[in-house]
**Q** 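Starting off with a structure, shown below.
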Amino acid sequence: MPGFSSRVAIYPGTFDPITNGHIDIIQRAAPLFDKVIVTLALNSDKNPLFSIEERIEMIKRSTSDMSHVEVAQFSGLVVDFAARKGASVIIRGLRAVSDFEFEFQMALMNRKQRPEIDTVYLMPDARYTYLSSSIVKEVAQHGGRIERFVPQFVLDMLKKKF
Ligand code: ADP
């Protein structure tokens, strides 16, 4: 098709572990692009509970039934990774106003690095507005109920950790 170029997006994050909130965002993004690359970012200062392999495995299992969704990992600048993959869009999830300030700063800094790449924000289903990987770990650690917030195999992995 003349003028057609494939629209690739990357969805970067720590995914420690992947939650139903992340999965909701991936499901919303997938139909909007030709390819969505869910990307484990390795250079975060966070001290992850799960290893790289465990996180990749959980992302792969969560997205195995989604067409044109791939899984990757990278360290370095997210915009450089996007460029390398031919992606013109970075996807991020926005839960509440509290996410806004940091995301705004990052989006503008990323735009300074590579103006051709834009960040697109998607809002999850309201059920997941207050959901984060940190809160899931906190509740799981104390034996609380999190089965509505993560897939079963993530629940099993969390049980093994605690
Ligand atoms: P990061 O360390 O990059 O913030 P996270 O794995 O915590 O990594 O989050 C990755 C992206 O997913 C971020 O844009 C974050 O706002 C979004 N996200 C995390 N949890 C949710 C959720 N419950 N609903 C929607 N988006 C979410």
Side-chain angles (χ1 to χ4, degrees), residues 8-33 35-63 66 69-85 87-111 113-114 117-141 144-155 157-158 161:
V8 181
I10 68 165
Y11 177 37
T14 311
F15 304 107
D16 186 42
I18 191 164
T19 69
N20 290 347
H22 294 120
I23 296 167
D24 179 287
I25 296 296
I26 301 165
Q27 281 167 338
R28 284 170 205 282
L32 303 177
F33 299 95
K35 183 159 61 174
V36 172
I37 309 172
V38 183
T39 307
L40 187 64
L42 301 180
N43 46 339
S44 122
D45 337 320
K46 300 175 185 175
N47 187 13
L49 173 68
F50 290 101
S51 70
I52 295 169
E53 293 72 26
E54 287 170 327
R55 285 180 284 155
I56 289 281
E57 176 64 22
M58 288 186 279
I59 301 170
K60 282 194 173 152
R61 287 189 69 175
S62 305
T63 56
M66 299 183 207
V69 173
E70 289 178 10
V71 183
Q73 64 186 65
F74 82 104
S75 57
L77 288 180
V78 77
V79 281
D80 289 344
F81 183 76
R84 213 183 322 143
K85 290 288 182 181
S88 53
V89 168
I90 296 168
I91 293 162
R92 297 284 291 173
L94 260 195
R95 288 162 288 188
V97 179
S98 50
D99 279 338
F100 180 80
E101 198 159 321
F102 174 70
E103 291 294 338
F104 189 61
Q105 189 180 24
M106 208 159 60
L108 293 186
M109 182 53 87
N110 281 337
R111 182 179 285 164
Q113 312 297 317
R114 285 192 189 257
I117 296 175
D118 255 312
T119 308
V120 168
Y121 291 94
L122 295 170
M123 285 73 171
D125 186 285
R127 280 176 295 173
Y128 306 132
T129 304
Y130 296 101
L131 181 59
S132 67
S133 299
S134 325
I135 206 154
V136 157
K137 284 181 281 189
E138 183 77 26
V139 175
Q141 187 172 6
R145 302 185 59 183
I146 48 161
E147 59 270 18
R148 275 192 291 156
F149 302 118
V150 293
Q152 182 62 44
F153 51 88
V154 173
L155 195 64
M157 298 276 282
L158 279 161
K161 290 274 175 194

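Just so you know, ligand 1 is whichever comes first in the structure, and atom 1 is the first atom listed for that ligand.
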**Q** Check this for me: does any side-chain nitrogen of one of K137 and D16 sit under 4.0 Å from a carboxylate oxygen of the other?
**A** yes

**Q** Hey, are the side chains of L94 and L122 touching, using non-hydrogen atoms and a 4.5 Å cut-off?
**A** no

**Q** Just verifying a value: how many Å separate E57 CD and S51 OG, rounded to the nearest 0.5 Å?
**A** 10.0 Å

**Q** Given side chains that start at C-beta, do those of R92 and I90 come closer than 4.5 Å, heavy atoms only?
**A** yes

**Q** Any cation-pi pair here, R61 with F153, using under 6.0 Å and within 45°?
**A** yes

**Q** May I ask you to decide if L131's main-chain N or O and R95's side chain share a donor-acceptor pair within less than 3.5 Å?
**A** yes

**Q** Any N/O of H22 closer than 3.5 Å to an N/O of ligand 1?
**A** yes

**Q** Can you find an N/O atom of T14 closer than 3.5 Å to an N/O atom of ligand 1?
**A** yes

**Q** Under 4.0 Å from a heavy atom of F15: give me the atoms of ligand 1 that qualify, with their elements.
**A** 6 (O)

**Q** Specify side chain, backbone, both or neither for I25, according to which of its non-hydrogen atoms lie closer than 4.0 Å to ligand 1.
**A** side chain

**Q** Salt bridge between R55 and E53, side-chain N to carboxylate O under 4.0 Å?
**A** no

**Q** Would you tell me which option among E103, R92, R127 has the nearest heavy-atom contact to atom 4 (O) of ligand 1?
**A** R92

**Q** Just going by heavy-atom distances, which of S134, A96, G93, S132 is nearest to atom 16 (O) of ligand 1?
**A** G93

**Q** Has Y11 got any heavy atom lying under 4.0 angstrom from an atom of ligand 1?
**A** yes

**Q** Any atoms of ligand 1 less than 4.0 Å from a non-hydrogen atom of L131? List them with their elements.
**A** 20 (N), 21 (C), 22 (C), 23 (N)

**Q** Given G21, P124, P12, identify the one with the heavy atom nearest to atom 10 (C) of ligand 1.
**A** P12

